[in-house]
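See below for the structure under consideration.
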There are 2 protein chains.
Amino acid sequence: MVSFPDVEAAFKRIKDSVVKTPVMTSTTIDALAGSRVFLKCENFQRVGAFKFRGALNAVTLLSDEEKKIGVITHSSGNHAQALALASKKQNVRCTVVMPSSSPAVKMEATKGYGAEIVVCEPTLASRESTAAALIEEHGYTLVHAYNNPNIVAGAGTAAYEFIKEVGSLDAMFAPVGGGGLLSGTSIATKGLLPQAKVIAGEPKGADDAYRSFTTGKIHPSMNPKTIADGLLTSLSELTFSIIQKYVDGIVTVSEEEIVNAMRLLWERMKIVVEPSGAVSLAALLQICDQFEGQRIGVILSGGNVDLNQFFSHYST
Amino acid sequence: MVSFPDVEAAFKRIKDSVVKTPVMTSTTIDALAGSRVFLKCENFQRVGAFKFRGALNAVTLLSDEEKKIGVITHSSGNHAQALALASKKQNVRCTVVMPSSSPAVKMEATKGYGAEIVVCEPTLASRESTAAALIEEHGYTLVHAYNNPNIVAGAGTAAYEFIKEVGSLDAMFAPVGGGGLLSGTSIATKGLLPQAKVIAGEPKGADDAYRSFTTGKIHPSMNPKTIADGLLTSLSELTFSIIQKYVDGIVTVSEEEIVNAMRLLWERMKIVVEPSGAVSLAALLQICDQFEGQRIGVILSGGNVDLNQFFSHYST
């Protein structure tokens with residue numbers, strides 16, 4: 001389990017090395033939601049996503065012996081880059097197992113932060129067995145993307161920093177995939193604002209957390225289909241237990257709602273937010289009638305979008 | 001002519017009604033430029049561009065009689081929306097002559113701020129004659145997009161606010177089209193930091209300001225061709241005279257340099273900046289060897305980009 005003092009300690013530990021991301025507001029979004037909406041822009045975080053917070057907390061907390069040997073993870077997404085950069089900052093060797101289906105741009109970025117990339121087949125079984133074999137051989141410490149209390153506590157520092165800046169909120173919205181951000185957010189929010197509701201947004205096409213939350217047992221994510229490619233993973237025992245305890249509701253949103261929320265952020269607020277990052281705003285907009293006139297926090301989790309196609313129209 | 005006290009007065013006049021736009025920094029851009037780069041994000045300004053500053057200053061300074069009758073301008077771009085919103089805030093009737101080639105989305109936005117739209121042929125002659133006929137008929141006051149001292153002073157408040165926040169700079173970069181932003185920026189910068197260089201970026205495909213600056217007489221913009229669609233206009237007598245006095249150099253940049261700078265801002269900084277807005281950064285990157293280790297200010301002028309094509313890939 002992870003408790004509020006763990007989040008508080010993580011914040012003290014990492015605050016000088018993470019970006020204190022801005023909180024933005026928009027008269028357009030306030031008018032649409034009928035409430036006062038504060039947006040915590042983790043798309044401006046190092047590596048473009050909140051993931052750096054947890055990775056840095058986890059690497060910092062390794063023993064000297066563990067740091068000497070190095071860390072490993074398997075990820076096709078933002079956690080790979082986050083762990084690579086966090087390791088680089090602590091002079092720790094980092095190996096990332098990436099499925100062969102990972103975008104070349106993400107592999108390059110991870111390599112750019114100094115990590116060693118090991119390519120595997122694009123299945124969870126291959127990711128796990130490849131990582132296990134390397135742990136067996138080298139003794140690396142596995143830093144899982146979310147099934148790790150130090151990652152959860154680090155992820156919770158976004159909401160902690162957010163509330164310390166804006167003060168009281170009536171509700172806090174965050175997206176849910178594996179549940180690292182949501183569980184950390186819920187601990188931080190209930191710790192600072194016990195009366196505030198914590199609500200997750202989840203794509204309808206990957207609604208395993210919603211089904212798990214509703215039925216009281218973990219449903220794995222089976223053939224998820226959504227543009228929110230950061231939210232394809234299943235809850236872990238750790239994140240599910242926290243979510244059951246602290247989260248008030250999970251709202252599922254359609255692909256169209258995700259795109260509309262993302263477009264609002266790009267067009268009206270001029271910020272680049274990835275589909276997964278806009279799911280929390282999409283959830284608020286769906287149920288905003290319940291929060292009329294209230295003060296709402298929304299975590300925008302990241303901004304890593306493939307812009308090749310967009311910029312190909314500009315090629316000269 | 002416009003002087004530094006005019007900019008200072010404009011700032012006091014409008015500061016509570018404009019967005020105090022954030023100044024952002026990026027380790028990636030610092031590394032590329034070899035200097036400490038501060039980016040003034042006017043893409044976060046009301047209506048998505050610095051233009052709101054000048055429009056609000058100009059409308060505020062109208063006489064009661066002029067306010068009662070109303071204002072008019074001709075514009076296909078950001079100035080149209082800026083004047084419409086500034087007029088709405090002051091309860092002033094606003095008419096905008098827009099060429100029939102204007103994007104529907106810009107016409108809608110301008111109408112959304114309460115302006116009356118009059119469509120004309122897509123030529124400068126038609127724009128000017130249509131506006132002149134309406135002025136003759138109704139007595140409206142023309143608020144030109146940049147050939148207006150109150151617009152220039154208002155535009156200068158972006159650099160004024162910027163320098164007041166970040167302190168000393170060795171150089172200030174801004175884009176140049178009609179010269180409103182550049183002339184205002186140069187007055188504010190030389191007023192606060194007499195030693196700082198003021199340098200403009202201009203697209204090679206619309207290099208009339210560069211040719212005017214080099215030859216000492218205004219060259220009109222003839223058949224400009226660039227993706228930086230906010231920089232197609234020619235200097236006016238007013239802006240040219242200020243630029244001759246205060247600007248230290250104009251750097252012309254290729255379309256590829258503009259796209260690369262824009263992409264850097266979107267991908268690494270997660271902010272939506274329009275091509276015209278990225279021209280200042282492109283100029284810095286071209287001549288950054290001259291400023292190694294120095295403190296550089298860069299004005300990102302706006303963020304209004306048509307995202308229809310991008311989001312059509314996401315349509316569901």
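In the text below, chain A, chain B and the rest are named by the order of the sequence lines, each starting its count at 1.
- Within a 6.0 Å radius of OH in A/Y210, other residues, nucleotides and ligands contribute 12 heavy atoms or fewer.
- Chosen from A/D306, A/N304, A/V305, A/V273, the residue pairing most often with chain B at heavy-atom distances under 4.5 Å is A/N304.
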query = How far apart are the C-alpha atoms of B/N308 and A/R263, what are their side-chain angles, what is the distance that settles it, and do they pass the side-chain contact (heavy atoms from CB on, under 4.5 Å) test?
reply = CA-CA 10 Å; B/N308 276 323; A/R263 185 161 185 163; 2.6 Å; yes
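- The number of heavy atoms from other shown groups lying within 6.0 Å of CZ (A/R268) does not exceed 12.
- Here CD of A/E42 is found 12.5 Å from NZ of B/K270. Values are rounded to the nearest 0.5 Å.
- Between A/F310 and B/W266, the ring planes lie parallel to each other; the angle is under 30°, not in the 30° to 60° tilted range.
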request  = I would like to know whether B/M262 and A/F311 meet side-chain contact (heavy atoms from CB on, under 4.5 Å); could you show each step before the answer?
outcome  = CA-CA 9 Å; B/M262 187 177 160; A/F311 278 99; 4.1 Å; yes
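- Against chain A, the residues from residues 14-30 of chain B that qualify, each with a non-hydrogen atom under 4.5 angstrom away, are B/M24, B/T27 in number order.
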query = Given the rule in the side-chain contact (heavy atoms from CB on, under 4.5 Å) test, do B/I271 and A/V272 qualify, once you have shown the distances and angles that lead to the verdict?
reply = CA-CA 5 Å; B/I271 58 176; A/V272 174; over 6 Å; no
